[in-house]
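Report on one structure; see the data block that follows.
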Amino acid sequence: MSDAASRDISSAAAALEAGDLVAFPTETVYGLGADAENPEAVAKIYAAKGRPQDHPVIVHVAPGADLDYWTTDVPDEARELVKHFWPGPLTLILKRNAHIPDAVSGGQDTVGIRCPSHPVAMELLKAFKGGKGGVAAPSANKFGNVSPTTAQHVRDEFGDDPRLAAILDGGSSQVGIESTILDLSRLGTHGPVLLRPGHITAMQIATVIGILVAQPDQAAPRASGTLESHYAPKAPVALLPTGDIEKTLAELKLRGRSAALIHYTPFPDAQPNVALPAEPKGYAYGVYAALRAMDQQQVDLILVEAPPTDDAWLGVNDRLRRAAFGSTGIIERFLKT
Ligand code: TXA
Ligand code: MG
């Protein structure tokens with residue numbers, strides 16, 4: 001790391017210690033960070049994002065952090081997963097230790113905790129409170145918007161909001177979609193529950209702990225990223241099977257409607273468009289930047305070629321479904337009028 005970069009990191013750590021907000025890169029998406037143990041600092045995150053108060057935030061910790069400082073009743077399975085996947089894109093929901101402020105957990109008795117693997121995030125967490133602190137950080141976007149995967153995306157979201165003391169630039173986030181969230185806070189009664197699919201799959205988790213992972217149920221803790229509509233651009237988004245794309249683009253054009261296309265099989269005539277890799281990791285890496293780029297084209301609609309539905313695509317399909325949620329029936333409406 002260059003001298004300038006390490007200076008940026010120490011001043012960002014100092015800003016966090018002073019109760020200010022710092023945006024920083026993680027391997028999944030950029031986070032908007034505050035000292036997790038300073039409720040006034042955490043309140044600034046909610047204000048800047050426009051996020052409802054009862055939505056808990058994830059606490060980010062340095063490699064080797066003491067899980068028992070943040071959480072209680074830690075099951076062996078959690079420790080095995082930490083050993084296996086941290087630093088990395090896995091968030092664990094565990095019982096919150098009594099001294100952890102309400103502010104980070106939206107008043108619930110649990111806390112979401114993860115150790116990110118992005119080098120800049122790890123350096124920041126090591127510098128902040130000598131590696132013993134926790135940085136509360138949701139994705140660095142306004143509530144409901146597409147998560148940022150570059151420093152420029154963060155600037156696009158917050159402009160020069162004086163609440164942000166710094167935006168650390170760590171290039172494009174390598175994973176591209178948010179961390180897998182696994183609830184282990186009710187392991188004894190409900191088993192491990194997947195709250196948000198991501199790069200680390202339920203199958204990989206099951207392989208490590210030897211227990212199958214359940215999908216969310218009604219009683220599961222709330223997660224804002226699990227609201228039906230989330231991660232959404234301003235333009236409506238519609239998912240379409242590959243075979244329907246060309247015909248739909250032509251029909252929309254006849255009706256004077258402009259459409260952008262995000263695809264992974266070739267459509268030489270579509271424009272504006274973004275072609276993403278036809279495999280889930282490369283697709284996840286590019287999908288949020290693609291949604292943002294197409295949203296900037298001022299089109300009436302963003303069409304997305306629906307990806308395959310096998311397990312490896314679960315995280316990507318989850319985010320695309322949420323991006324499209326508010327837009328049900330939009331194509332039919334456009335073609336009728
Ligand atoms: O990859 C990520 O997880 C990124 C980077 C910055 O680390 N963070 C992120 O944060 O996606 P956010 O706030 O946008 O989404 C975190 C999700 C939310 O859906 C929140 O409700 C859920 O985690 N969450 C946090 N703490 C929780 C808890 N105690 N119980 C249940 N859900 C929780
Ligand atoms: Mg988010």
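Both counts, for ligands and for their atoms, begin at 1 and track the order of listing.
- For the residues H118, E178, R51, the heavy atom positioned nearest atom 13 (O) of ligand 1 is part of R51.
- Close to ligand 1: R196, with a non-hydrogen atom less than 4.0 angstrom away.
- Using bins of under 30°, 30° to 60° and over 60° for the plane-to-plane angle, the ring pair F24/H60 lands in the perpendicular bin.
- Counting the atoms of ligand 1 from 1 in the order shown, those under 4.0 Å from a heavy atom of T110 are 28 (C), 29 (N), 30 (N).
- Neither the backbone nor the side chain of H199 has any atom closer than 4.0 Å to an atom of ligand 1 (non-hydrogen atoms only).
- Residue-ligand proximity, S139 to ligand 1, at heavy-atom distances under 4.0 Å covers atoms 8 (N), 9 (C), 10 (O), 12 (P), 14 (O).
- Between R155 and T150, the side chains place no donor N or O within less than 3.5 Å of an acceptor N or O (distance only, hydrogens not considered).
- No side-chain donor from either of R96 and T110 sits under 3.5 Å from a side-chain acceptor of the other.
- In the vicinity of V111, heavy-atom distances shorter than 4.0 Å reach the ligand 1 atoms 29 (N).
- Every atom of ligand 1 with a heavy atom of I181 under 4.0 Å away is listed here by number and element: 17 (C), 22 (C), 23 (O).
- Counting only distance, with no hydrogens or angles, the side chain of R186 and the backbone of G191 share no donor-acceptor pair below 3.5 Å.
- Close approach of ligand 1 to T28 (heavy-atom distance below 4.0 Å) involves ligand atoms 1 (O), 2 (C), 4 (C), 5 (C).
- A donor-acceptor pair under 3.5 Å is formed between the side chain of K49 and the backbone N or O of N141.
- For H55, no heavy-atom contact with ligand 1 is shorter than 4.0 Å.
- Distances below 4.0 Å separate heavy atoms of S179 from the following atoms of ligand 1: 1 (O), 2 (C), 3 (O).
- Judged purely by distance below 3.5 Å, without hydrogens or angles, the side chains of S147 and E178 pair a donor atom with an acceptor atom.
- Polar contact with ligand 1: absent for K49 (N/O pair, distance under 3.5 Å).
- Using a 30° and 60° split on the angle between ring planes, H99 and Y69 fall in the tilted class, from 30° to 60°.
- Residue-level proximity to ligand 1 for P56 is carried by backbone and side chain together, each with a heavy atom below 4.0 angstrom.
- Close approach to H60 involves these atoms of ligand 1, each under 4.0 Å from a residue heavy atom: 5 (C), 6 (C), 7 (O).
- The Mg ion (ligand 2) has an N, O or S atom of S139 closer than 2.8 Å.
- The one candidate from D73, D68, D109 that meets the salt bridge (charged side-chain N to carboxylate O under 4.0 Å, His left out) condition with K95 is D109.
- With T180 as reference, I200 is the one residue of V213, I200, T91, L314 to meet the side chain to side chain contact (heavy atoms under 4.5 Å, CB included) rule.
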